[in-house]
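Single-structure report; data block below.
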Amino acid sequence: MDVGAVLIAVAGVGGTLGGALLTQRGADRAKRRELRNTRAFEEVREQRVLRRTCYTELHRDARHFSTALSRHLYVLRDRAAEAEDAQALEEAKGTYRDRWSEALMIASDSVIPPAHALNEALNSVYGQVKRMEQGNPRPGETLRSAAEAQHSLWALIDTMRESMRRDLGVTDRIPSPATPECTQHEAVRRDFGEA
């Protein structure tokens, strides 16, 4: 047998095996890359679902807390608050507080500032309402001033909602700073009288 023929045969077999090996390695790399991309896509999708759920619940609970504050102001206007009234307000506050704590860990940096402004305003109104409930308001605090502050919460809730929608890619609209509407103050005057 000729040595040259053997070398050619070995090179041919080696080339065939080497080509198969290289093809297999390339396929393995492509599969790993595809798995990485799929995992990354799934993580992004899961984060988006988590944020959307968190935003939906925070928005709902902020609205509920604001409504509970409004109801409590009407109770204080009409009669002394009873245990059930105070309990309903505390439950709304507690639910909102839990959701706010969760949002601080999940919400994007663009959503935190308007959500924080709303949180501060909600707690401020809550403090006014509780001081009035206890008969210990600060100078200048009246049912009307608390009702005006409560009505102003809706604009902050709208601003937070628009920031959330923008973060989720639902809208491109940039939220405008919250400004109380004149009609809100007319409703307060009608329901709680002149200051």
Side-chain angles (χ1 to χ4, degrees), residues 39-77 85 88-132 138 140-192 195:
R39 275 192 220 117
F41 176 78
E42 285 299 316
E43 286 177 17
V44 167
R45 190 172 117 344
E46 288 172 11
Q47 288 298 319
R48 186 182 179 101
V49 167
L50 182 63
R51 276 196 338 269
R52 184 178 63 227
T53 301
C54 175
Y55 291 170
T56 301
E57 291 173 350
L58 180 63
H59 181 253
R60 179 198 61 217
D61 292 342
R63 291 177 60 85
H64 181 68
F65 186 21
S66 182
T67 300
L69 287 165
S70 178
R71 285 184 188 139
H72 207 73
L73 283 166
Y74 280 99
V75 165
L76 293 176
R77 180 193 70 180
D85 302 317
L89 180 59
E90 293 305 315
E91 285 175 5
K93 181 184 187 301
T95 300
Y96 168 77
R97 182 193 59 236
D98 292 346
R99 198 67 59 219
W100 170 241
S101 296
E102 179 184 355
L104 285 171
M105 297 296 115
I106 296 171
S108 72
D109 291 342
S110 64
V111 171
I112 293 292
H116 180 53
L118 173 61
N119 183 60
E120 292 291 316
L122 280 164
N123 285 315
S124 175
V125 173
Y126 172 79
Q128 289 181 52
V129 168
K130 292 307 280 187
R131 286 188 292 276
M132 278 193 250
R138 290 181 180 159
E141 286 184 342
T142 63
L143 281 175
R144 180 173 173 195
S145 69
E148 287 175 347
Q150 187 280 326
H151 277 283
S152 296
L153 293 172
W154 295 108
L156 294 170
I157 290 171
D158 288 345
T159 300
M160 179 185 71
R161 183 195 69 232
E162 288 304 314
S163 293
M164 292 171 172
R165 289 171 50 85
R166 184 171 172 81
D167 182 52
L168 292 172
V170 175
T171 185
D172 289 335
R173 195 173 92 172
I174 297 173
S176 58
T179 55
E181 297 177 16
C182 294
T183 56
Q184 292 175 337
H185 293 292
E186 291 169 9
V188 169
R189 263 188 249 113
R190 182 184 64 244
D191 293 347
F192 290 93

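Here the structure is a predicted model, which means the values were calculated and not measured.
- A donor-acceptor contact shorter than 3.5 Å is absent between the side chain of Thr95 and the backbone of Ala92.
- Shown here for Leu143 and Arg77, the closest heavy-atom pair between the two residues is CD1-CA, 3.7 Å.
- Residue Glu141 holds its CD atom at 5.5 Å from CE of Met132, rounded to the nearest 0.5 Å.
- Between Glu46 and Val49, every side-chain heavy-atom pair lies at or beyond the 4.5 Å cut-off.
- Between the side chain of Thr159 and the backbone N or O of Ala155 there is at least one donor-acceptor pair closer than 3.5 Å.
- By the ring pair (Phe, Tyr, Trp, His ring centres under 6.0 Å) test, Tyr96 is found to be paired with Phe65, residues two or more places apart in sequence or in another chain being considered.
- Side-chain contact between Asp167 and Tyr55 is present, with heavy atoms from C-beta onward closer than 4.5 Å.
- Looking at Asn119, its side chain never comes within 3.5 Å of a backbone N or O of Ala115 through a donor-acceptor pair.
- Note: Ser101 OG to Leu58 CG = 10.0 Å, rounded to the nearest 0.5 Å.
- Val125 is listed as a side-chain neighbour of Val129, based on a closest heavy-atom distance under 4.5 Å.
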Q: Go through the steps for Lys93 and Glu90 under the test salt bridge (Lys or Arg N to Asp or Glu O under 4.0 Å), then give the verdict.
A: CA-CA 5 Å; Lys93 181 184 187 301; Glu90 293 305 315; 5.9 Å; no

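- Each side-chain hydrogen bond (donor to acceptor under 3.5 Å, both in side chains) pair with one or both residues in residues 63-75, not counting sequence neighbours, appears once here: Ser66-Gln150, His72-Glu133, Tyr74-Asp191.
- Between the side chain of Arg99 and the backbone N or O of Cys54 there is no donor-acceptor pair closer than 3.5 Å.
- Looking at Lys130 and Leu89, their side chains come closer than 4.5 Å, going by heavy atoms from C-beta outward.
- Looking at heavy atoms from C-beta onward, Arg51 lies out of side-chain contact with Val111 at the 4.5 angstrom threshold.
- Note: Asp158 CG to Arg161 CZ = 4.5 Å, rounded to the nearest 0.5 Å.
- The shortest distance between side-chain heavy atoms of Leu156 and Leu122 does not fall below 4.5 Å.
- Side-chain contact check for Gln128 versus Ser145: some heavy-atom pair is nearer than 4.5 Å.
- Here Arg144 pairs with Glu148 in a salt bridge; the nearest charged N to carboxylate O distance falls below 4.0 Å.
- Atoms CD1 and CD, on Ile106 and Gln47 in that order, are 8.0 Å from each other to the nearest 0.5 Å.
- The structure places CD1 of Ile112 at 5.0 Å from CG of Leu104, a figure rounded to the nearest 0.5 Å.
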